[in-house]
Amino acid sequence: MNSVKEFVEALGPARLAAMGAVAVALIGFFAFLMLRLSQPQLTVLYTDLTFDDSLQVVKKLESMNVPHEIRQEGAIILAPEEQVLRLRMEMAEAGLPAGGTVGYEIFDKADTLGATSFVQNINRVRAIEGELARTIRSLRNVAVARVHLVLPKRELFSRDKTEPSASIVVGVRGQLDRGQIKAIQHLTASAVNGLDPGRVSIVDESGRLLASGREDGTDPGGSEFEERHQAMEQRVRQDIEDIVASIVGNGRVRVRVSAEMDYSRITETTDIYDPDGRVVRSTQTREENANLTTPNGNDGVTVGNELPAANAEPGTDGSQQESSNKIEEVVNYEISRTTKTAVAEGGRLKRLSIAVLVDGIYQTDANGTVTYAPRPAEQIEQISALVRSAIGFNEERGDQVQVVNLRFAEAQPAALADGAPQDWLSSIMSLSKNDYFAIAEMVVIGIVSLLVLLLIVRPLVRRIVTPDESRQVIEDFSAGPAPQLAGPHGQSADEADLALPPPPSRTSEALKNARVIGEVQQKAVEEVGETIKNNPDEAVTIVRDWLQQPT
């Protein structure tokens with residue numbers, strides 16, 4: 001303890017203060033490093049937030065005691081990476097963020113007392129637009145949505161009726177397919193009374209027209225047919241790649257599909273009559289009976305002819321009698337008739353052309369050399385048969401399937417193809433962007449810590465511990481030739497040097513300094529005396545000059 005006390009006293013208050021400042025700085029620096037490394041990795045929770053949404057989200061995070069960070073004046077909010085998904089679900093449950101749109105809550109905040117019908121109608125349209133924008137924004141691949149509705153008011157005494165319409169601007173993540181665009185149109189039309197889906201126009205954030213909003217519901221330029229064409233080719237290609245990759249391995253097959261489609265719309269009407277399937281529809285029968293008597297040679301009128309009994313027995317007087325019977329029958333038949341109307345919509349497949357390129361077989365020998373070998377012809381034929389079965393090959397339609405075995409430009413090692421562990425280079429390349437940022441941050445912090453220790457801490461500690469230069473000069477003088485002095489207990493100086501030095505103290509240090517100063521002064525006096533002895537004339541001249549100088 002005495003040694004420590006004397007060491008502290010020897011350092012002095014200035015050095016102790018410097019050592020304390022260095023210690024505090026080091027503690028603060030390493031505390032900062034520990035806190036920085038212990039903080040969770042923050043990632044983006046929300047972007048492009050409005051001020052109101054940012055305020056509500058921050059309040060929610062503070063109530064949940066979740067560390068967060070705000071950037072770009074609240075437009076971007078960062079949260080711990082491992083909690084982002086859970087936080088987004090909880091925010092969605094609370095209805096955040098609202099996206100800066102106003103829904104039906106506008107009627108809760110507005111004072112209806114004194115509001116005109118015009119203001120009420122405007123608020124109603126705003127509420128419908130806001131609710132539709134929120135609903136569309138909840139769909140997958142839709143990040144931002146804005147809805148504009150045109151709801152014309154029917155004028156009095158007017159027979160003409162203007163149909164409502166809508167226009168929607170969406171910000172998408174990736175790309176919307178045709179089904180999603182149709183879903184947005186029908187969703188909007190179902191939410192607005194009298195709105196037809198064909199009158200809903202949709203545009204993305206880059207200004208590309210997704211739905212024209214025309215009455216017929218078709219897009220200009222035949223984009224719908226083109227999308228259907230591409231979707232069919234993609235589906236066929238994916239099916240072929242899946243079945244072939246299970247044989248040759250992933251990444252060792254390339255498939256190209258060319259489908260020829262017929263987009264003409266054909267309407268065909270056919271009438272078929274069946275004579276064997278006749279049915280009596282109506283029957284009409286007409287029968288006529290006629291009797292005619294002609295007198296023979298008696299053309300005059302006599303009394304006998306006029307008597308009632310004169311004609312009781314016709315023909316007795318020589319007259320001729322004729323009778324006729326006529327029957328007419330009309331039968332109407334209904335012949336069975338079949339009318340068939342067939343409408344063939346556009347998009348019929350006319351022909352398929354399939355090109356399949358498969359890689360060969362790679363083998364590794366004992367020396368690690370990878371060799372290439374083509375696949376057997378039997379296997380290529382089997383792959384071709386599988387492809388024909390998968391696409392529904394129709395020779396009459398003119399379908400073509402070509403399976404070719406060629407070596408790929410970049411051959412894959414067999415170890416990687418068999419699922420063996422990747423080397424360290426592949427592992428590094430598979431790291432994500434966040435992993436690279438974390439590694440770079442650790443390296444920078446380590447370099448800064450090392451520089452602080454080498455360039456700041458080490459020189460300061462050395463400067464504090466190293467004695468003063470003046471004291472070192474005095475010690476150097478004391479180490480030079482000096483008169484033989486008796487050491488402690490009567491030893492000579494040489495014997496005293498070999499003995500263990502006494503413990504340092506202020507008195508001993510003061511005596512040592514005084515002895516050294518006295519020795520220096522004595523040596524200086526001896527040198528002056530020696531000089532005067534060797535040069536007496538010059539010494540006399542110097543003394544005379546001193547005496548003649550005025551005091």
Side-chain angles (χ1 to χ4, degrees), residues 43-58 70-79 84-85 87-89 91-92 95-104 106 122 125-151 164-192 195-231 234 433:
T43 187
V44 177
L45 179 64
Y46 292 111
T47 58
D48 298 330
L49 291 177
T50 61
F51 182 78
D52 295 336
D53 288 339
S54 178
L55 180 62
Q56 297 299 326
V57 171
V58 169
I70 303 175
R71 294 182 181 177
Q72 295 185 8
E73 298 180 355
I76 299 177
I77 296 180
L78 305 180
V84 167
L85 296 179
L87 291 175
R88 286 177 181 174
M89 289 188 291
M91 293 294 175
L96 296 175
T101 58
V102 180
Y104 286 119
I106 190 175
I122 292 297
V125 174
R126 290 181 61 193
I128 296 175
E129 291 177 349
E131 294 295 333
L132 281 173
R134 292 176 180 175
T135 305
I136 296 173
R137 201 166 50 245
S138 64
L139 300 178
R140 182 170 56 88
N141 294 341
V142 178
V144 182
R146 185 161 185 175
V147 180
H148 300 278
L149 296 178
V150 178
L151 304 178
S165 60
S167 59
I168 302 174
V169 180
V170 294
V172 298
R173 305 184 188 95
Q175 188 176 2
L176 296 178
D177 55 20
R178 176 55 51 182
Q180 290 174 321
I181 295 174
K182 291 293 184 182
I184 294 176
Q185 285 184 304
H186 285 272
L187 175 66
T188 306
S190 301
V192 180
L195 179 60
D196 188 81
R199 294 183 61 84
V200 178
S201 177
I202 303 176
V203 182
D204 64 2
E205 72 277 9
S206 61
R208 186 168 60 94
L209 182 63
L210 303 179
S212 63
R214 301 193 304 176
E215 288 290 346
D216 54 2
T218 58
D219 293 339
S223 60
E224 181 178 0
F225 292 153
E226 183 179 357
E227 290 180 0
R228 290 172 61 184
H229 189 183
Q230 294 177 356
Q234 176 68 19
K433 182 176 65 176

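Any value given below was found using the heavy atoms of this structure, including those in side chains, with hydrogens, waters and symmetry copies removed. Start at 1 with the first residue, then count along the sequence.
- With respect to Ile128, the side-chain contact (heavy atoms from CB on, under 4.5 Å) criterion is satisfied by exactly one of Leu149, Thr188, Val147: Leu149.
- Residues passing the side chain to side chain donor-acceptor pair (under 3.5 Å) test with Gln234 are Arg237, sequence neighbours excluded.
- Between the CZ atom in Arg71 and the CG atom in Leu78 there is a gap of 4.5 Å [rounded to 0.5 Å].
- Leu85 CG to Leu45 CG: the interatomic distance, rounded to the nearest 0.5 Å, is 10.0 Å.
- Closest heavy-atom contact between Gln185 and Pro197: NE2-O, 3.4 Å.
- Residues that satisfy the side chain to side chain donor-acceptor pair (under 3.5 Å) test with Ser138, not counting sequence neighbours, are absent from this structure.
- Arg88 meets the salt bridge (charged side-chain N to carboxylate O under 4.0 Å, His left out) test with no other residue; sequence neighbours excluded.
- The shortest heavy-atom contact between Val44 and Ile76 is CG1-CG2, 4.4 Å.
- The shortest side-chain heavy-atom distance between Val172 and Glu205 falls under the 4.5 Å cut-off.
- Side-chain contact between Val150 and Pro164 is absent, with no heavy-atom pair separated by less than 4.5 Å.
- Smallest separation of non-hydrogen atoms from Val57 and Met91: O-CE, 3.8 Å.
- For Leu187, the side chain to side chain contact (heavy atoms under 4.5 Å, CB included) test picks out Thr135, Ile136, with sequence neighbours left out.
- What you find for Ala79 and Val84 is that their closest heavy atoms are O-CG2, 4.2 Å.
- In this view, Ser201 and Val203, Leu209 satisfy the side chain to side chain contact (heavy atoms under 4.5 Å, CB included) rule, not counting sequence neighbours.
- Taking Asn141 as the reference, Leu176, Gln180 meet the side chain to side chain contact (heavy atoms under 4.5 Å, CB included) condition, with sequence neighbours excluded.
- Applying the side chain to side chain contact (heavy atoms under 4.5 Å, CB included) rule to Ser190 yields no partners; only residues at least two apart in sequence or on another chain are considered.
- Nearest heavy atom pair, residue Ala133 against residue Ala145, reads CB-O, 3.6 Å.
- Leu195 CG to Ser165 OG: the interatomic distance, rounded to the nearest 0.5 Å, is 7.5 Å.
- Counting all heavy atoms, side chain and backbone alike, Val170 lies closest to Leu210 at CG2-CD1, 4.2 Å.
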Run Arg126 and Glu129 through salt bridge (charged side-chain N to carboxylate O under 4.0 Å, His left out) and show every step you take. CA-CA 5 Å; Arg126 290 181 61 193; Glu129 291 177 349; over 6 Å; no

